[in-house]
Protein chains: 2
Amino acid sequence: MTNVFHHSLPQQIADKITKQIMTGDLMPGEKIIESNYASEYGTSRAPIREALYLLATEGLVERIPRKGTIVKGFSQSEINDLLDIRMTLEKMAMKRIQSASDHQSCLIKMEDLVEQMGATLHDEKQYALLNQEFHMTIIRMSQSNVIHELYQKLSKQLLSLQLLSFLEGEHIQKSYEEHQTIIHLLKNKQFDEASSLLEDHNQAVITRLNLQFKSPTK
Amino acid sequence: MTNVFHHSLPQQIADKITKQIMTGDLMPGEKIIESNYASEYGTSRAPIREALYLLATEGLVERIPRKGTIVKGFSQSEINDLLDIRMTLEKMAMKRIQSASDHQSCLIKMEDLVEQMGATLHDEKQYALLNQEFHMTIIRMSQSNVIHELYQKLSKQLLSLQLLSFLEGEHIQKSYEEHQTIIHLLKNKQFDEASSLLEDHNQAVITRLNLQFKSPTK
DNA sequence: TTATCCCAAAATGTCGACAAACGACCATGG
DNA sequence: CCATGGTCGTTTGTCGACATTTTGGGATAA
């Protein structure tokens, strides 16, 4: 019984590499060499390969035949697209919530998350994670597997860019209040209002992102 | 120089399996056993594994650790979601076309496609492919990689269900006229009108699909 | 100096074999 | 009769080795 339960070996390796990407330990465009990781983890190349495939399905790396696999990078316009589509998915989810029924448990979870967020206003990274979880809960309320998976994939890609936490960070206080408002609107079943608030928020992020790109504060 | 140029071996195998899925040779839920395909193609299991991963990336199969890989199936509501999201992407693409510039070449291609469609009204399968290509051209006009890739993935999944060609088939004549109208609207830069026509068309497909499910004409 | 060719090192692709896990069947016991 | 447990064939997971391809550098010639 040498093996672990929760995840298969390739999944574990994929998780670790994911973390490396998220923390900036691996930068976009960087090459991931199988044999390096193989010797690092004391395995053969097969599980590493498998892990890289997993990351490719999540869109975090790109596998180019006979060239290798590199950490995926995104252009400015691609990031815009990712944010835009993700927002659209969230609005779709919002529409479907109106017909679903078990909002209660999700709302409770969201209130809990916002409470945690209130206690984490100082820690941008942590706040970003809670924020992510908050929105994921909205998505789950729609009870749509397809939307959920797509949203998760897009979020993971965006998270890998380490841009969001920074962008949100400048306006944490405002964001925090917005989330409280969203819960309030959902409780009162004012779905359209909640939807447009989400849209405004996302648009603001996109706008800030574009400004960010135009003035490289470096 | 024994190898082929255009595609790597795993890609070729993936293409063949894709065809098997699209033609119904492999049914949803069916298990794909690596060693079978290995001996069939005269290779070892490694390239097969790679091919299966490619298919997983495209969402055509599902890999379950230590269980194997099965052809992915979709519930009715999941199919609805796929159609809905795909339509949303198409509307997003439409919005962006307004700011792009090189519409001309795409419009020409679309006119060519519609012409071919006119000559293929009798062949549902072929018509569905041309139809698919038509919409893909609209997507390309948006010049967004992200939208393009997502749209392609969703379309491939829907295509694998062999439902669309059947659904469209009943209304080919109407569909044909609609496509002509779309080109006309795009030429006159009436993007909003084109967008809502697309929405109507897609909604009609979804509605028909749901009726289809409620009355199993079998 | 620069361009080109060639070669060696490194990295990915493929292979066959073995290990571990899963699933089905059968036997056994209640 | 049903539930339990073991056994065995099948299938996936992992390994190490070899083949093929790419890459980078250095020698040579213009």
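Lettering follows sequence order; numbering is per chain, from 1.
Heavy-atom nearest nucleotides on DNA chain C were determined for B:Pro47 and for A:Ile33, and the one closer to the 5' end corresponds to A:Ile33.
B:Leu54 places its CG atom 11 Å from the P atom of C:dG13, with the value rounded to the nearest Å. Atom P of nucleotide C:dA11 and atom CD of A:Glu34 are separated by 10 Å, given to the nearest angstrom. One interatomic measurement links the two molecules: CD1 of B:Ile48 to P of C:dT14, which rounds to 10 Å at whole-angstrom precision. Going from atom CD1 of A:Ile13 over to atom P of D:dC15 covers 9 Å, rounded to whole Å. If you take CZ of B:Arg66 and P of C:dG23, they are 12 Å apart, rounded to a whole angstrom. We find that CD of B:Gln12 is positioned 10 Å from P of C:dT14, with the value rounded to whole Å. With rounding to whole Å, B:Ile70 atom CD1 is found 15 Å from D:dT12 atom C1'. Look at OH on A:Tyr37: it is 18 Å from P on D:dT14, rounded to the nearest Å.
The aromatic rings of A:His179 and A:Phe134 lie perpendicular to each other, with more than 60° between the two planes, well past the 30° mark.
Distances shorter than 4.0 Å separate some side-chain N or O of B:Arg49 from OP1 or OP2 on D:dG13. Listed pair B:Lys67 / C:dG23 meets the phosphate criterion, a side-chain N or O lying under 4.0 Å from OP1 or OP2. Side-chain nitrogen and oxygen atoms of A:Arg63 include at least one within less than 4.0 Å of the OP1 or OP2 phosphate oxygen of C:dG13.
What you find for A:Cys106 and A:Thr137 is that their closest heavy atoms are O-CG2, 3.9 Å.
Residue contacts shown for B:Glu50 are absent, as no nucleic acid heavy atom lies under 4.0 Å away. When heavy atoms are screened at a 4.0 angstrom cut-off, A:Ile64 is found touching no nucleic acid atom at all.
Between the side chain of B:Arg45 and the base of D:dG13 there is at least one donor-acceptor pair of N/O atoms closer than 3.5 Å.
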Kindly determine whether A:Glu50 and B:Arg63 satisfy salt bridge (charged side-chain N to carboxylate O under 4.0 Å, His left out), including the steps that lead there. CA-CA 11 Å; A:Glu50 198 105 335; B:Arg63 278 185 61 86; 3.1 Å; yes
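Donor-acceptor pairing under 3.5 Å is lacking for the side chains of A:Asn145 and B:Asp81.
Atom CG in A:Leu26 sits 12.0 Å away from atom CD1 in A:Ile70 (nearest 0.5 Å).
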